[in-house]
Structure formats: structure tokens, C-alpha cells
Amino acid sequence: MRVFNTFAVAAVAAVTLASVPASATGVITCKAGPVSGWKSKDTLDQKLTKEGWTVRKSKVDGGCYEVYGTTPEGDRVEAYFHPVSLEKLYVARRGEVLFRKSGY
């Protein structure tokens with residue numbers, strides 16, 4: 001009976017965890033409206049590349065685009081951009097905030 005109880009508890013825990021929505025892990029949250037109004041990550045990557053950035057990875061986090069890359073100045077950073085305007089909101093290097101837009 002103990003094996004059954006252990007299995008039942010594990011099954012309930014798995015179902016409960018699976019139903020919890022993923023939350024943002026980043027330091028910035030964007031209220032950008034529906035995704036259908038966003039510019040693409042590829043558009044952001046191309047914009048940043050033209051500005052001299054090297055983009056290693058980009059993803060959605062907290063309703064913003066989060067980018068891991070290197071700035072034109074050579075700093076390896078984590079940066080957040082608004083998905084509608086592609087405006088830079090936050091840039092940090094190893095925990096040191098290099099830029100933070102007012103209000104974010």
C-alpha cells in the first residue's frame with residue numbers, strides 16, 4: 001500500500017506542477033499587448049547586428065525580448081528590448097547595470 005501512496009503523491013505533484021504557468025525569470029517586464037503586434041526576434045537580431053552587436057541568443061522573457069550578446073563596445077551582456085518598438089530597456093554585465101530606461 002505504501003508504494004501506491006507514494007505513486008499517487010508523485011502523480012498529483014506532477015499534474016499540479018504541469019498546470020502552473022511559466023513565469024518570467026528576468027528583471028524587466030513589458031506590457032506589450034498581443035504577440036500579433038510584436039516585431040519578430042529576427043528583426044531585433046538584424047537591427048542589433050547592424051548596430052554592431054553580436055547576438056548569441058534571444059528569447060521572450062517577461063513579455064520582453066531578452067538578448068544575450070556582445071555590445072559594440074565589447075561588453076558581454078544580458079539586455080531587454082520592448083517587442084513592439086525594439087527600444088532598449090535594460091543592459092547588464094555580470095550583475096552590473098549598464099543601462100536601465102526610466103520606468104523599467
Side-chain angles (χ1 to χ4, degrees):
M1 192 66 161
R2 183 173 288 233
V3 171
F4 177 75
N5 286 340
T6 302
F7 177 75
V9 169
V12 169
V15 169
T16 302
L17 290 174
S19 65
V20 175
S23 60
T25 59
V27 294
I28 299 291
T29 303
C30 294
K31 293 178 180 161
V35 175
S36 61
W38 293 13
K39 293 182 178 154
S40 71
K41 285 190 302 182
D42 287 339
T43 300
L44 175 61
D45 292 351
Q46 290 170 8
K47 174 185 181 295
L48 293 175
T49 299
K50 285 180 185 175
E51 293 174 0
W53 289 62
T54 301
V55 177
R56 289 191 332 274
K57 179 180 178 183
S58 61
K59 65 178 186 170
V60 175
D61 185 35
C64 303
Y65 285 137
E66 179 182 25
V67 173
Y68 294 94
T70 305
T71 66
E73 296 78 30
D75 294 316
R76 288 183 62 137
V77 299
E78 171 186 20
Y80 285 79
F81 297 85
H82 195 280
V84 175
S85 65
L86 303 182
E87 181 178 17
K88 178 173 60 176
L89 304 175
Y90 177 89
V91 180
R93 175 187 60 216
R94 296 184 182 180
E96 175 190 1
V97 177
L98 302 177
F99 173 82
R100 186 175 197 129
K101 180 173 170 54
S102 179
Y104 282 90

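No experiment lies behind these values; they were computed from the predicted model shown.
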Q. Do Trp53 and Pro72 come close enough that some side-chain heavy atom pair is under 4.5 Å?
A. yes

Q. In terms of hydrophobic clusters joined by side-chain contacts under 4.5 Å, are Val60 and Val35 together?
A. yes

**Q.** From Glu87 atom CD to Cys30 atom SG, the distance as rounded to the nearest 0.5 Å
**A.** 9.5 Å

(Q) Quick check for you: to the nearest 0.5 Å, what is the distance between Leu48 atom CG and Thr70 atom OG1? (A) 11.5 Å

Q | Pairwise distance CD(Glu51) to OG1(Thr49) - rounded to 0.5 angstrom | A | 9.5 Å

Q: Check whether more than 12 heavy atoms from other residues, nucleotides or ligands sit under 6.0 Å from atom CZ of Arg56, and answer yes or no.
A: yes

Q.
Any side-chain to backbone donor/acceptor pair from Trp38 onto Gly33? Under 3.5 Å, distance only.
A. yes

(Q) According to a hydrophobic-cluster definition based on side-chain heavy atoms being under 4.5 Å apart (Ile, Leu, Val, Met, Phe, Trp, Tyr only), do Phe99 and Val67 belong together? (A) yes

**Q.** Which atom of Gly37 lies closest to which atom of Val84, heavy atoms considered
**A.** O-CG2, 3.9 Å

Q) Any side-chain heavy atom of Arg100 sitting closer than 4.5 Å to one from Ile28? A) yes

Q. To the nearest 0.5 Å, what is the distance between CG (Leu89) and SG (Cys64)?
A. 5.5 Å

Q.
Does any part of the side chain of Phe81, heavy atoms only, come nearer than 4.5 Å to the side chain of Lys47, both counted from C-beta?
A. no

Q.
According to a hydrophobic-cluster definition based on side-chain heavy atoms being under 4.5 Å apart (Ile, Leu, Val, Met, Phe, Trp, Tyr only), do Val55 and Tyr68 belong together?
A. no

Q: Would you check if the side chain of Tyr65 reaches a backbone N or O of Lys39 as a donor-acceptor pair within less than 3.5 Å?
A: yes

**Q.** Pairwise distance CG(Leu44) to CD(Glu66) - rounded to 0.5 angstrom
**A.** 11.5 Å

**Q.** Tyr104-Tyr90 co-clustered via ILVMFWY side chain contacts under 4.5 Å
**A.** yes

Q. Can you tell me how far the OG1 atom of Thr43 sits from the NZ atom of Lys41, to the nearest 0.5 Å?
A. 11.5 Å

